[in-house]
Amino acid sequence: MVSARDYERIIALAAGAFEIGDPSAVWPFIAREFVGSLFGADVFTRAAIDYTSGRSVLLDIDPADLRQGSGLDPVIVKRHPLSVHYAVTESPEPLRISDLVPPRQWRGHPVAARMREVFGTTSVIAIPLQARPFRGLSIQRERDGFSDRELAVAARVQPFLVAADRHARALPEAAQEAGLTPRQTVVLNLMAEGLGATAIAHRLGISVRTVDKHQERLYRRLGASDRLAAVVRAQRLGLIRTPGATSPGLG
C-alpha cells in the first residue's frame, strides 16, 4: 500500500532532519514536510498532554496560527474522540478520526465544530509518540479525508518520529546536566559536523569572535584542549549525535 515514492519521501525526511545541527529546528522542519510534500496537510501540531490533570502544551504548530507553548483547547483535550481513545487505551497506533467516528456523525459532533473554529480543519490523523504522559502529533486537513495509503505512510514514518522526539529531548537534558547553554549546544553540534568558526558564524548569523568565545567556554566545560577532543568528549557524554548514525525504523 505504501509506494516506492512514499518511501523515498520518508527517507528524505529522515535524512534532512538528521542533517540539522540545531535540535530546536528539527520539528519545524518535519512540520513543513508534513504540510508540504509528505501529506499535503493544512495543519501540523505536536503536543504534550497529561490526561490525569488535563494540562497540555502545544509544542509545535504549522502554520503558526497559535502561539507555541500555549495549551490546547480544553474541549479538544477532554472530548475529541481521538484524545479520549488514547487517554483510555494508551495505544501507540496512528488513527484517523474516521477510524473512530463515521464521517456523517463527525460532521455534527460538537468537537468537530470546535476543531473548525480553532484550526479550520475537519479531518485528522493522530500519531502517538509516547503513551504516558501522552505526546503526539496530528496532521489535519480542511476538507478531504485521509486515505488508507496515507494512514499506512503515517505508521511507517512513526518510528522515526518517536526517535526524533526522544533525541530532541535527550540532547537538551544532557547539555543542561553538563552546564551548556542552548547556543553552546548548537555550536557544539556544528563543530561535530566539521564546520569551522567562520562557517558556524555564517550559519547562525553571529560574529566569528562570538563563535570563538563559545568554543573557548565549551573547551573549559568539557575539559578539552582542542576541537577534536571537545567533539569526542561530547559524543561520549551524549551531547551530540554520533556521526554516521542511521535513521531508525524505516524498514
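A quick note: this is a predicted structure, and the numbers were derived from the prediction, not measured.
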For this session: Kindly compute the distance separating CZ (Phe119) from CD (Glu142), expressed to the nearest 0.5 Å.
Result: 14.0 Å

Seminar exercise, completed: Val111 meets the side chain to side chain contact (heavy atoms under 4.5 Å, CB included) criterion, sequence neighbours left out, with Val75, Arg79, His80, Trp106, His109, Met115

Problem set entry | Distance, nearest 0.5 Å, that separates NE2 of His214 from CD1 of Ile200 | 10.0 Å

Problem set entry | Minimum heavy-atom distance between Pro128 and Phe134, given as atom pair plus value | CB-CE1, 3.9 Å

Problem set entry | Nearest heavy-atom neighbours spanning Gln184 and Gly179 | OE1-O, 4.1 Å

For this session: Could you grab the distance from atom CG of Leu38 to atom CZ of Arg32, nearest 0.5 Å is fine?
Result: 14.0 Å

Exercise. Are Ile97 and Pro81 side-chain neighbours, meaning at least one heavy-atom pair lies under 4.5 Å?
Worked result: yes

Problem set entry | Stacked cation flag Arg141 on Phe146, 6.0 angstrom / 45 deg | yes

Exercise. Do Val84 and Leu137 belong together in a cluster built from hydrophobic side chains that touch within less than 4.5 Å?
Worked result: no

Exercise. Linking I/L/V/M/F/W/Y whenever any side-chain heavy atoms sit under 4.5 Å apart, do Leu195 and Val211 land together?
Worked result: yes

For this session: Look at the aromatic rings of Phe39 and Phe34 and report parallel, tilted or perpendicular, splitting at 30° and 60°.
Result: tilted

Exercise. More than 12 heavy atoms of other residues, nucleotides or ligands under 6.0 Å from CZ of Arg221: is that the case?
Worked result: no

Exercise. Are Asp73 and Arg114 within salt-bridge range, i.e. N to O under 4.0 Å?
Worked result: yes

Problem set entry | Shortest non-hydrogen separation from Asp212 to Ala197 and the atoms involved | OD1-CB, 3.7 Å

For this session: Could I get the full list of side-chain hydrogen bond (donor to acceptor under 3.5 Å, both in side chains) partners for Gln130, not counting sequence neighbours?
Result: Arg169

Seminar exercise, completed: Rounded to the nearest 0.5 Å, the CZ atom of Arg143 sits from the OG1 atom of Thr121 at a distance of 12.0 Å

Exercise. Under a 4.5 Å cut-off applied to non-hydrogen side-chain atoms, are Val153 and Arg9 in contact?
Worked result: no

Seminar exercise, completed: Closest heavy-atom pair, Gly196 versus Arg227, reported as atoms and distance to 0.1 Å, is CA-NH2, 3.6 Å

Exercise. Any link between Val208 and Val187 through a network of hydrophobic side chains (Ile, Leu, Val, Met, Phe, Trp, Tyr) touching at under 4.5 Å?
Worked result: no

Exercise. Does a side-chain heavy-atom distance below 4.5 Å link Asp6 with Ser3?
Worked result: yes

For this session: Kindly indicate whether the side chain of Arg132, heavy atoms from C-beta on, has any atom under 4.5 Å from the side chain of Thr52.
Result: yes

Exercise. Is any side-chain heavy atom of Asp144 less than 4.5 Å from a side-chain heavy atom of Ser123?
Worked result: no

Exercise. With a 4.5 Å heavy-atom cut-off, do Leu129 and Arg46 have their side chains touching?
Worked result: yes

Problem set entry | Distance (rounded to the nearest 0.5 Å) between Leu204 CG and Leu190 CG | 5.5 Å

For this session: Might you point out which heavy atoms bring Pro94 and Leu151 nearest each other, and give the distance in Å?
Result: O-CD1, 3.6 Å

Exercise. Side-chain heavy atoms under 4.5 angstrom apart, residues restricted to Ile, Leu, Val, Met, Phe, Trp, Tyr: same cluster for Val2 and Val157?
Worked result: yes

For this session: Report yes or no: does Tyr51 contribute a side-chain atom to a donor-acceptor pair with the main-chain N or O of Pro133 at less than 3.5 Å?
Result: no

Problem set entry | Over all atoms of both residues, closest heavy-atom pair of Val77 and Ser83 | O-OG, 2.5 Å

For this session: Kindly compute the distance separating CD1 (Ile11) from CZ (Arg156), expressed to the nearest 0.5 Å.
Result: 11.5 Å

Exercise. Considering only heavy atoms from C-beta outward, does the side chain of Asp42 approach that of Gln140 to under 4.5 Å?
Worked result: no

Exercise. Does some side-chain heavy atom of Leu13 sit less than 4.5 Å from a side-chain heavy atom of Phe160?
Worked result: yes

Exercise. Backbone N or O of Pro102 within a donor-acceptor pair of the Gln105 side chain at under 3.5 Å?
Worked result: no

Exercise. Are Leu188 and Leu237 connected, step by step, through hydrophobic side chains (Ile, Leu, Val, Met, Phe, Trp, Tyr) whose heavy atoms are closer than 4.5 Å?
Worked result: yes

Problem set entry | Ion pair Asp99/Arg96, N-O distance below 4.0 Å | yes

